[in-house]
J.: 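This structure is in structure tokens; I'll ask about it shortly.
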Amino acid sequence: MASLCLNSLPLPPPSQPPKLSEAPSPSSNSLNINSYYGSKGEALKPIVVSGNPPTYVSAPGRRIVAVGDLHGDLDQTRCALEMAGVLSPDGQDLWTGGETVLIQLGDILDRGEDEIAILSLLRSLDIQAKDEGGAVFQVNGNHETMNVDGDFRYVETGGFDECIDFLEYLDDNRDDWEEAFVGWTGVSKQLKEDRKMPLNYWDPWNLVRRQKGVIARSILLRPGGPLACELARHAVVLKVNDWVFCHGGLIPNHVAYGVERMNREVSHWMRGLSDSDESDNPHFPFIATRGYDSVVWNRLYSRDTSELDDYQNNQIHSILEETLHAVGAKAMVVGHTPQTTGANCKYNCSIWRIDVGMSSGVLNSRPEVLEIKDNNARVIRSKWETSSESQVVDFI
């Protein structure tokens, strides 16, 4: 039995994020991911990424697909990705999206049993997508930041079990973090089957295993831990073309504080890095991760508008428009708050709310995804849905 020892873990390769400016123009922080020929044969310009973690993305001519909260449900995740046309339906986990840009809006962690497997799957798809002219991006949600902060209140027993198995798997595959991490989705299925035993929750062995799971999760997700460093690769706010994506919601004071600054501070905190030589403790990114109006917790734009009076709705609309103008976007896409009537848009479709509670640990609802093509947005609600059956909004 492998010991739960941090020193034995293969950490992701260290990287020191460069100093980032707030201007989204291509610079030394920019990366050309790829160039590709579109479906009609025309050459697409390369995807350009600015910021570390990615903050501004120029993806000319690409189809964009956004997926909401997944909460550890691998089966529903696969269903959503197949529906979006980016995952093969044969169980081989192959990228089928071509030059599509896939964006996942956070809350992969908690409430389910396959959290790390989903993270692994998305990383694998990103590697494959780049070879075909596409890309996969993630933004962190409140459940990612809660776990890095040591808040495990919403972790399922199976989630702790997966951490134990993953830590032992890393101990046996310590030479190459990337290869081990990308391969976890395939390995985890059999390990999950092996540990399915009808034990009573209060069985002594079950209690010991749960305690071991808490320790394993703490090692993996504490600032500087291998999974925390993996999460640190992702932003809390991502702007792709004319659209801004975040988990809860962006408001004017976030933009004034600095989008890249917030992303950098969250990433540094997750990596366990300090912002100065005088402090051993990384700065806690409060404005992005704590408080009801922080980027990952904000529900301002996701409330049921029928419960608000005209003045409140007008105020929210005004705040949204001010935010979009400040960040230079036409619309915002958020998750975080399950929409019981399905993914939808409000305020002249300048906000799209796409968390439908698809995880079996939330509402176990039908997966839905948002598709954006040529600034036209529609909700896809089944694999066979045609555009005439979808809500289509033209932003041109």
J.: Got R290 and W297 here, is their nearest side-chain heavy-atom distance under 4.5 Å?
T.: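 No, side chains not in contact.
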
J.: Within the distance-only criterion (no hydrogens, no angle test), does the side chain of Q312 pair as donor or acceptor with the backbone N or O of D309 below 3.5 angstrom?
T.: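 Flag set: sc Q312 to bb D309 pair under 3.5 Å.
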
J.: Would you find a donor on one side and an acceptor on the other, under 3.5 Å apart, between the side chain of N241 and the backbone of W243?
T.: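 Here the side-chain-to-backbone pair does not exist.
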
J.: Donor-acceptor pair, Q92 side chain versus L94 backbone, under 3.5 Å?
T.: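 Between the backbone of L94 and the side chain of Q92 there is no qualifying donor-acceptor contact (under 3.5 Å).
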
J.: Grab the two heavy atoms, one from H247 and one from V296, that are nearest each other, plus how far apart they are.
T.: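 What the structure gives for the nearest pair is CD2-O, 3.2 Å.
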
J.: Taking all non-hydrogen atoms of both residues, which atom of L105 and which atom of G68 are closest, and how far apart?
T.: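 For L105 and G68, the tightest heavy-atom pair comes out as CB-CA, 4.4 Å.
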
J.: Where the side chain of T77 meets the backbone of L70, is there a donor-acceptor pair that is under 3.5 Å apart?
T.: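 Absent.
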
J.: For A377 versus L370, what's the shortest heavy-atom pair and its separation?
T.: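 That closest heavy-atom pairing would be CB-CD1, 4.3 Å.
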
J.: So, for G291 and S294, which heavy atoms are closest and what is the spacing to 0.1 Å?
T.: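 Residues G291 and S294, closest heavy atoms: O-OG, 2.9 Å.
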
J.: Are F137 and H234 an aromatic pair, judged by ring center distance below 6.0 Å?
T.: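 H234 vs F137: aromatic centres not under 6.0 Å.
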
J.: Atom CZ of R378 and atom CD1 of I372: how far apart are they, to the nearest 0.5 Å?
T.: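 The CD1 atom of I372 is 12.0 Å from CZ of R378, to the nearest 0.5 Å.
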
J.: Does D165 reach the main-chain N or O of C163 with its side chain, forming a donor-acceptor pair under 3.5 Å?
T.: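 No.
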
J.: Are a donor atom and an acceptor atom from the side chains of S350 and N348 found within less than 3.5 Å of each other?
T.: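 S350 vs N348: no donor-acceptor pair found between side chains.
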
J.: Is K130 salt-bridged to E132, going by a charged N under 4.0 Å from an acidic O?
T.: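 Salt bridge: no.
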
J.: Quick check: does any side chain N or O of D107 sit under 3.5 Å from a backbone N or O of H71, one acting as donor and the other as acceptor?
T.: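 Absent.
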
J.: Going by side chain to side chain contact (heavy atoms under 4.5 Å, CB included), V356 matches just one of Q76, R366, E368. Which one?
T.: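 That would be E368; it is the only one of Q76, R366, E368 passing the side chain to side chain contact (heavy atoms under 4.5 Å, CB included) with V356.
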
J.: Check the side chains of S120 and T185 for a donor-acceptor pair under 3.5 angstrom, ignoring hydrogens and angles.
T.: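 A pair is found: one side chain offers a donor N or O, the other an acceptor, under 3.5 Å apart.
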
J.: Find out whether Y56 and V259 are in side-chain contact, i.e. whether some heavy atom of one side chain is under 4.5 Å from a heavy atom of the other.
T.: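 Y56 vs V259: side chains touch.
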
J.: Give me the ring orientation class for F166 and W177: parallel if the planes are under 30° apart, tilted from 30 to 60°, perpendicular past 60°.
T.: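 Answer is perpendicular, since the angle exceeds 60°.
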
J.: Indicate, with yes or no, if F160 and M146 share a hydrophobic cluster defined by side-chain heavy-atom contacts under 4.5 Å among Ile, Leu, Val, Met, Phe, Trp and Tyr.
T.: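 Result: no, two separate clusters.
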
J.: Is there a donor-acceptor contact under 3.5 Å from the side chain of W184 to the main chain of V187?
T.: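 Side chain of W184 to backbone of V187, a donor-acceptor pair under 3.5 Å: no, none is there.
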
J.: Any chance you could lay out the side chain to side chain contact (heavy atoms under 4.5 Å, CB included) test for W95 and L87, step after step, and finish with the verdict?
T.: CA-CA 5 Å; W95 174 260; L87 181 69; over 6 Å; no

J.: Counting C-beta onward and ignoring hydrogens, is there a side-chain heavy-atom pair between M332 and L320 closer than 4.5 Å?
T.: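 Yes - at least one pair of side-chain heavy atoms lies under 4.5 Å apart.
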
J.: Are R261 and Y257 in a cation-pi setup, meaning NZ or CZ lies under 6.0 angstrom from the ring centre and within 45 degrees of the ring axis?
T.: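 Relative to the ring axis of Y257, which defines the angle, R261 lies inside both limits.
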
J.: Can you find a side-chain donor-acceptor pair between T305 and N313 that sits under 3.5 Å?
T.: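 Looking only at side-chain atoms, N313 and T305 do not form any donor-acceptor pair under 3.5 Å.
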
J.: So do the side chains of V334 and S302 get within less than 4.5 Å of each other, counting heavy atoms only?
T.: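 With C-beta onward as the side chain, the pair touches.
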
J.: Give me the atom names and distance for the closest heavy-atom approach of R217 to L109.
T.: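 Shortest heavy-atom contact: NH2-CB, 4.3 Å.
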
J.: If the threshold is 4.0 Å, N to carboxylate O, is there a salt bridge linking E162 and K192?
T.: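 Between K192 and E162 there is no salt bridge, as every charged N stays at least 4.0 Å from the carboxylate O atoms.
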
J.: Hey, any chance I116 and L191 share a hydrophobic cluster, counting ILVMFWY side chains that come within less than 4.5 Å of each other, even indirectly?
T.: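 I116 clusters together with L191.
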
J.: Hey, could you give me the CE/CG distance between M358 and D75, rounded to the nearest 0.5 Å?
T.: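 The distance works out to 12.5 Å.
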
J.: Inspect the contact between R222 and D149 and indicate whether a charged nitrogen and a carboxylate oxygen are less than 4.0 angstrom apart.
T.: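 Looking at R222 together with D149, the answer is no, because their closest N to O distance does not fall below 4.0 Å.
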
J.: Can you name the side chain to side chain donor-acceptor pair (under 3.5 Å) partners of D93, sequence neighbours left out?
T.: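 Applying side chain to side chain donor-acceptor pair (under 3.5 Å) to D93 gives R78.
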
J.: Hey, could you give me the CD1/CD distance between I118 and E113, rounded to the nearest 0.5 Å?
T.: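 The CD atom of E113 is 11.0 Å from CD1 of I118, to the nearest 0.5 Å.
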
J.: Do I127 and L119 belong together in a cluster built from hydrophobic side chains that touch within less than 4.5 Å?
T.: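 Different hydrophobic clusters.
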
J.: Once side chain to side chain donor-acceptor pair (under 3.5 Å) is applied, do any residues pair with D151, and if so which ones, sequence neighbours excluded?
T.: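 Only R153 meet the side chain to side chain donor-acceptor pair (under 3.5 Å) criterion with D151.
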
J.: With side chains defined as the heavy atoms from C-beta onward, is the minimum distance between Y169 and I164 less than 4.5 Å?
T.: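 No - every pair of side-chain heavy atoms lies 4.5 Å or more apart.
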
J.: Drop me the distance from R209's CZ to K212's NZ, to the nearest 0.5 angstrom.
T.: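 R209 CZ to K212 NZ: 6.5 Å, rounded to 0.5 Å.
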
J.: For D310, I'd like to know if atom CG has over 12 heavy atoms of other residues, nucleotides or ligands within 6.0 Å.
T.: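 Atom CG in D310 is not crowded, with 12 or fewer foreign heavy atoms closer than 6.0 Å.
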
J.: Within the distance-only criterion (no hydrogens, no angle test), does the side chain of D73 pair as donor or acceptor with the backbone N or O of S360 below 3.5 angstrom?
T.: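 Yes, the answer is positive, given that a donor and an acceptor are paired below the 3.5 Å cut-off.
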
J.: Supply the atom-to-atom distance L231 CG to N147 CG, rounded to the nearest 0.5 angstrom.
T.: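 One gets 8.5 Å once the value is rounded to the nearest 0.5 Å.
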
J.: Check whether S218 reaches the backbone of V214 with its side chain - one donor and one acceptor, N or O, closer than 3.5 Å.
T.: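 Looks like yes, one N/O pair under 3.5 Å.
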
J.: Taking all non-hydrogen atoms of both residues, which atom of P54 and which atom of N263 are closest, and how far apart?
T.: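 Of all heavy-atom pairs spanning P54 and N263, the closest is O-ND2, 4.1 Å.
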
J.: Counting only N and O atoms by type, is there a donor-acceptor contact under 3.5 Å from the side chain of D176 to the main-chain atoms of E179?
T.: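 At least one qualifying donor-acceptor pair exists.
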
J.: By the definition side chain to side chain contact (heavy atoms under 4.5 Å, CB included), identify the one residue from L250, I316, T337 that meets it with Y301.
T.: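 For Y301, the side chain to side chain contact (heavy atoms under 4.5 Å, CB included) check succeeds only for I316.
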
J.: Any Lys/Arg nitrogen of E99 or R62 sitting under 4.0 Å from an Asp/Glu carboxylate oxygen of the other?
T.: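 No.
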
J.: Could you check if a side-chain atom of I287 sits within less than 4.5 angstrom of a side-chain atom of H254, using non-hydrogen atoms only?
T.: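 Of all side-chain heavy-atom pairs linking H254 with I287, at least one is under 4.5 Å.
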
J.: Drop me the distance from Y154's OH to R111's CZ, to the nearest 0.5 angstrom.
T.: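 That separation rounds to 6.0 Å.
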
J.: I'd like to check S124 versus Q128 (side-chain heavy atoms, cut-off strictly below 4.5 Å). Are they in contact?
T.: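 Contact flag for S124/Q128 side chains = yes.
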
J.: Does any non-hydrogen side-chain atom of V369 lie less than 4.5 Å from one of V67?
T.: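 SC-SC contact between V67 and V369 confirmed.
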
